[in-house]
Colleague: 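Sending over a structure as structure tokens; questions will come in a sec.
Letters A, B, ... are given to chains in the order of the sequence lines, protein chains preceding strands, and every chain is numbered from 1. In this text, all values refer to a predicted model and were calculated from it rather than measured experimentally.
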Protein chains: 2
Amino acid sequence: MNHFDYIDQQILLQIREDARKPFSQIAEELKISNSLVHQRIRKLKENGVINKAEFVIDEKQIGYKTKSYVGIRLKEARYAKSVVNDLAKIPEILECNYVSGNYALFILIFAYDNHHLRNILYEQVHQIDGVAGTDSFICFDTNFKRQITLESLVKGKQI
Amino acid sequence: MNHFDYIDQQILLQIREDARKPFSQIAEELKISNSLVHQRIRKLKENGVINKAEFVIDEKQIGYKTKSYVGIRLKEARYAKSVVNDLAKIPEILECNYVSGNYALFILIFAYDNHHLRNILYEQVHQIDGVAGTDSFICFDTNFKRQITLESLVKGKQI
DNA sequence: GCTGAAACAAGTAGTGT
DNA sequence: ACACTACTTGTTTCAGC
């Protein structure tokens with residue numbers, strides 16, 4: 001487990017909201033040198049706390065209007081690995097997890113519309129060897145979507 | 001619906017993978033001026049296609065080991081709005097959607113461990129007025145997690 | 001572990017085609 | 001819609017505390 005101090009926490013809070021924020025500006029606000037900001041960010045990368053900076057694309061704006069979570073049941077548990085492999089080939093599936101409960105796998109799909117979603121499920125997912133059935137949870141609206149809190153992050157003294 | 005050309009597509013492909021990639025470098029690779037890169041990105045922002053750049057934080061590295069999707073059933077549909085309001089106050093809930101199917105709401109929770117998850121569900125979520133019950137889909141492993149494909153984005157000629 | 005200065009690279013804005 | 005130039009700003013490295 002990593003150790004974070006107040007500076008690390010503050011840097012993380014800022015860059016996760018704006019990955020293009022100038023390091024020099026962060027330095028100014030925290031009243032530290034910009035080389036220190038640089039150093040800390042390098043260490044956070046080395047420790048795998050942050051990996052990459054991404055511009056967030058609004059899926060709706062580029063035509064993907066239907067978002068749906070889908071639970072997948074398998075004929076037998078041993079199919080899991082090969083099913084995951086086949087699911088990975090479908091570009092509209094953005095996330096795939098092994099889960100507890102009624103389903104073996106739980107995936108996230110973005111499709112152009114409901115019809116497109118239906119096609120992906122019936123013509124692609126259901127054709128995969130080992131898939132017994134699926135249940136869809138189509139998202140009518142996303143009420144909120146946010147990043148994890150960092151308030152509890154600082155183990156040391158907060159200056 | 002927006003119109004995208006080859007340049008827009010290429011810029012999006014690059015900055016969504018590395019939001020800190022110098023615009024001048026993108027310009028060089030696409031053999032255009034860096035002011036054009038700048039212009040295009042400004043337009044993509046104006047159109048809401050991209051909104052912000054975020055550094056991706058690895059939740060596991062900062063102590064959140066348990067990821068779980070949770071379906072929520074309500075006593076009556078009319079509770080939906082106030083329940084969403086109360087869910088938003090729980091910081092470990094990172095996403096909340098209205099969905100079709102067996103559940104009214106579908107949320108994503110990150111907790112320190114299974115015990116912490118149990119506490120959040122029993123002591124917080126289940127106490128909310130209108131919540132009838134929940135089903136948890138704890139993620140044992142995330143096989144993949146990726147961004148949407150942009151191959152189909154270009155409506156015009158690809159040079 | 002941190003700062004400060006200096007060399008270098010990138011972002012920005014205005015002008016012209 | 002795009003490129004070019006001049007100007008401003010940010011990044012990065014390294015010697016020194």
Side-chain angles (χ1 to χ4, degrees), chain A residues 1-58 61-63 150 152-159, chain B residues 1-58 61-63 150 152-159:
Chain A
M1 184 60 189
N2 295 291
H3 176 86
F4 301 96
D5 68 3
Y6 180 75
I7 292 174
D8 294 314
Q9 186 206 38
Q10 290 300 312
I11 290 174
L12 281 173
L13 277 171
Q14 302 210 29
I15 64 174
R16 76 158 172 188
E17 288 302 326
D18 181 6
R20 285 192 74 94
K21 185 166 191 173
F23 296 172
S24 54
Q25 200 176 322
I26 297 171
E28 207 179 315
E29 287 173 27
L30 296 180
K31 295 185 174 60
I32 53 176
S33 69
N34 52 11
S35 28
L36 182 54
V37 176
H38 216 252
Q39 266 178 55
R40 294 301 186 98
I41 288 178
R42 183 157 33 82
K43 267 185 195 158
L44 289 167
K45 280 182 183 164
E46 281 169 9
N47 295 337
V49 176
I50 50 178
N51 283 300
K52 63 173 187 172
E54 11 180 90
F55 256 104
V56 182
I57 296 176
D58 187 334
Q61 294 294 328
I62 58 170
L150 293 183
S152 59
L153 194 62
V154 178
K155 307 290 188 239
K157 208 167 121 249
Q158 301 216 9
I159 289 185
Chain B
M1 184 57 191
N2 296 291
H3 176 85
F4 300 95
D5 68 2
Y6 180 75
I7 292 175
D8 294 313
Q9 185 206 39
Q10 290 300 313
I11 290 174
L12 282 172
L13 276 172
Q14 302 210 29
I15 64 175
R16 76 157 171 188
E17 288 302 327
D18 181 6
R20 285 192 75 95
K21 184 165 191 174
F23 296 171
S24 55
Q25 201 176 322
I26 297 171
E28 207 179 315
E29 287 173 26
L30 297 180
K31 295 187 173 58
I32 53 176
S33 71
N34 51 12
S35 33
L36 183 53
V37 177
H38 219 252
Q39 254 179 64
R40 294 302 186 98
I41 287 178
R42 181 158 34 82
K43 268 186 194 158
L44 289 168
K45 279 183 182 164
E46 282 169 9
N47 295 337
V49 177
I50 50 178
N51 284 301
K52 62 173 186 171
E54 20 181 80
F55 256 104
V56 182
I57 295 177
D58 185 335
Q61 294 293 327
I62 59 170
L150 293 184
S152 59
L153 194 62
V154 179
K155 309 288 188 239
K157 207 168 123 248
Q158 301 217 9
I159 290 185

Colleague: Run the side chain to side chain contact (heavy atoms under 4.5 Å, CB included) test against B/D58 and tell me which residues pass, sequence neighbours left out.
Modeller: A/N51, B/K60, B/Q61
Colleague: Counting primed atoms plus P, OP1 and OP2 as sugar-phosphate and everything else as base, spell out the protein contacts along nucleotides 8-14 of chain D at 4.0 Å heavy-atom distance: B, S or - for each nucleotide, 5' to 3'.
Modeller: --SBSB-
Colleague: Rounded to the nearest 0.5 Å, what separates atom CD1 in B/I7 from atom CD in B/Q9?
Modeller: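 Output value for this atom pair is 11.0 Å.
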Colleague: To the nearest Å, how far apart are B/I41 CD1 and C/dA10 P?
Modeller: 14 Å
Colleague: Could you state the CG-P distance from B/L36 to C/dG11, rounded to the nearest angstrom?
Modeller: 14 Å
Colleague: Checking side chain to side chain contact (heavy atoms under 4.5 Å, CB included) for the pair B/I57/A/L150: CA distance, chi angles, key distance, verdict?
Modeller: CA-CA 10 Å; B/I57 295 177; A/L150 293 183; 4.1 Å; yes
Colleague: Once rounded to the nearest 0.5 Å, what's the spacing between atom CG of B/L12 and atom CZ of B/F4?
Modeller: 6.5 Å
Colleague: Applying salt bridge (Lys or Arg N to Asp or Glu O under 4.0 Å) as the test, list every pair that has at least one member in residues 23-33 of chain A; sequence neighbours left out.
Modeller: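 Counting only pairs at least two positions apart or across chains, the salt bridge (Lys or Arg N to Asp or Glu O under 4.0 Å) contacts touching residues 23-33 of chain A are A/K21-A/E29.
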Colleague: Ignoring backbone atoms, test whether A/R40 places a side-chain nitrogen or oxygen under 4.0 Å from the OP1 or OP2 oxygen of C/dC2.
Modeller: yes
Colleague: Students often get this wrong, so: under 4.0 angstrom with heavy atoms, is A/K43 touching a base, only sugar-phosphate, or nothing?
Modeller: sugar-phosphate
Colleague: Grab the CG-P distance between B/L44 and D/dA1 for me, whole Å please.
Modeller: 13 Å
Colleague: Would you say the side-chain atoms of A/N47 pair up with the backbone N or O of A/V49, donor to acceptor, closer than 3.5 Å?
Modeller: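 It does not hold such a pair.
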